[in-house]
Asks: 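Below is the structure I would like to discuss, written out as structure tokens.
Just so it is clear, the values below take in all heavy atoms, side chains as well, and ignore hydrogens, waters and symmetry mates. Being a predicted model, the structure only gives us computed values, none of them experimental. Lettering of chains follows the sequences in order, A, B, ..., and the numbering in each one begins at 1.
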Protein chains: 2
Amino acid sequence: MTTTPAPDPAVRDSVRGPVPDSVRGPVRDDDFLRLDQQICFSLNAASRAFGGVYRIVLKDLGLTYPQYLVMLVLWEHGELPVKKLGEHLRLDSGTLSPLLKRLEAAGLVRRERSAQDERSVVVRLTDEGTALREQALRVPRRIAAATGFDLDEILELRARLDKLTGALDAAALEETPGCA
Amino acid sequence: MTTTPAPDPAVRDSVRGPVPDSVRGPVRDDDFLRLDQQICFSLNAASRAFGGVYRIVLKDLGLTYPQYLVMLVLWEHGELPVKKLGEHLRLDSGTLSPLLKRLEAAGLVRRERSAQDERSVVVRLTDEGTALREQALRVPRRIAAATGFDLDEILELRARLDKLTGALDAAALEETPGCA
DNA sequence: CGCCATTCAGTTGTGCACAATTGAGTTGTG
DNA sequence: CACAACTCAATTGTGCACAACTGAATGGCG
């Protein structure tokens, strides 16, 4: 039983107020350092908790969670070059190349150099990979059930997370040294 | 520039309705398979986007994001055995042992076998590790700024994520074969 | 006391994330 | 055509997450 980091009302109250932080002025850095642990950490923990549930549910399919995400994209789009796959999933070739090699070894996909552009490698589902979709159809319900969230809650959370991701990506771009 | 996976309104609309899913009945598995990609994926993407921003901000401190989390816990609690550290962070010795070894190599912590219990290893901050806290104090503000979220938004999101994590952990426990 | 289950940190092995680099292939421009 | 700039997948190296296991230390129990 992992000790869930408690909401810790003391932290909340110590930094809260009717006036936005930027105007109100001195929120002590000490407080912020503790709050900070809560938010970044909560996201991390939730992501890993998801990973744990997927690991259990996907064991029957012989897929890891990232491999499942790749398969989802392929089931939806049929076939894609590695580059496009990476854009859908926010992953680069450093992550995808070995992952796809494992999927190929498992007989779920094939990788073929594009004839039009010899730089590009197109990833296609094999018959076996296509067939696996049938097994995968029951996965989402099990996951959704595990969350205990109803559809609206999920959708709203997703919207917040996407907004957050957008803001973080924009900030990362701005702050990267080589892009002023 | 990674192409941000768009909200894709078609997906949303295809599964949405005024009636809660559990009552409305047959949501097609196909739809769910696509929605599923959105939620688990959004969480993953947000977590990694956070990682990207932390990577930039923490570069000055010479810390990775997980190392920073460990330091946060140590700054708050002074010293802890590896086990307790793991409970705070939801990490086991397989992750912490090498991480702590790197922090020790960096001169930020020491690891000493407990005299009371020779099985236990207590992690302590060095003077250098304690001093690093001063540098870390400005990190949370930069992160908070990068999110573009105000405090209430952060706190609410955190509450939702913690709820989600709790539900997922409970589900994982129930569904684990060896605990019926 | 002697034995055994439990607790703890560490190790090993697999897989993912990401930065940096490589090398083949392509495209634009003179 | 020639050549520089760019694109793309793959590779290398570092670090994290987690399962499975090892081995030492502890604590309970007969």
Asks: Could you state the atom-to-atom distance from NZ of K83(B) to C1' of dT6(C) in whole Å?
Replies: 11 Å
Asks: What is the distance from NZ of K59(B) to C1' of dA20(C), rounded to the nearest Å?
Replies: 12 Å
Asks: Return the value, rounded to whole Å, for the distance between atom CG of L58(B) and atom P of dC18(C).
Replies: 15 Å
Asks: Which letter, B, S or -, goes with each nucleotide of nucleotides 21-26 of chain D from 5' to 3', with contact meaning a protein heavy atom under 4.0 Å?
Replies: ----BS
Asks: Check this for me: does any side-chain nitrogen of one of R90(B) and D169(B) sit under 4.0 Å from a carboxylate oxygen of the other?
Replies: yes
Asks: Using the test side-chain hydrogen bond (donor to acceptor under 3.5 Å, both in side chains), find all partners of E104(B) that sit at least two apart in sequence or belong to another chain.
Replies: R111(B)
Asks: Can you check the R48(B) CZ to dA17(C) P distance for me, whole Å?
Replies: 5 Å
Asks: Using whole Å, what does the distance between atom C1' of nucleotide dA9(D) and atom CD of E112(A) come to?
Replies: 15 Å
Asks: Test of understanding: with side-chain hydrogen bond (donor to acceptor under 3.5 Å, both in side chains), list the residues that count as partners of R110(B), not counting sequence neighbours.
Replies: E112(B)
Asks: Applying the Watson-Crick and G-U wobble criteria at under 3.5 Å, what pairs with dG13(D)? Answer none if nothing qualifies.
Replies: dC18(C)
Asks: Who are the side-chain hydrogen bond (donor to acceptor under 3.5 Å, both in side chains) partners of S114(A), not counting sequence neighbours?
Replies: Q116(A)
Asks: Nucleotide by nucleotide, 5' to 3', does protein get under 4.0 Å of the base (B), only the sugar-phosphate (S), or neither (-) in nucleotides 10-15 of chain D, counting heavy atoms?
Replies: BB---S
Asks: Kindly write out the residues that satisfy ring-ring contact (aromatic ring centres under 6.0 Å, His included) with F50(A), not counting sequence neighbours, or none if the list is empty.
Replies: Y54(A)
Asks: Round to the nearest Å and state the distance from L91(B) atom CG to dA19(D) atom P.
Replies: 12 Å
Asks: Mind calculating the distance between CG (L89(A)) and C1' (dA17(C)) to the nearest angstrom?
Replies: 13 Å
Asks: Which residues pass the salt bridge (Lys or Arg N to Asp or Glu O under 4.0 Å) test with D150(B), not counting sequence neighbours?
Replies: none
Asks: Return the set of residues passing side-chain hydrogen bond (donor to acceptor under 3.5 Å, both in side chains) with D60(B) (not counting sequence neighbours), or none when no residue passes.
Replies: none
Asks: Have a look at C40(B) and tell me which of T147(A), V53(A), I143(A), L69(A) forms a side-chain contact (heavy atoms from CB on, under 4.5 Å) with it.
Replies: L69(A)
Asks: In whole Å, what is the span from the CG atom of D92(A) to the C1' atom of dT7(D)?
Replies: 14 Å
Asks: According to side chain to side chain contact (heavy atoms under 4.5 Å, CB included), who are the partners of R160(B), at least two apart in sequence or on a separate chain?
Replies: E153(A), E156(A), L157(A), R160(A), E156(B)
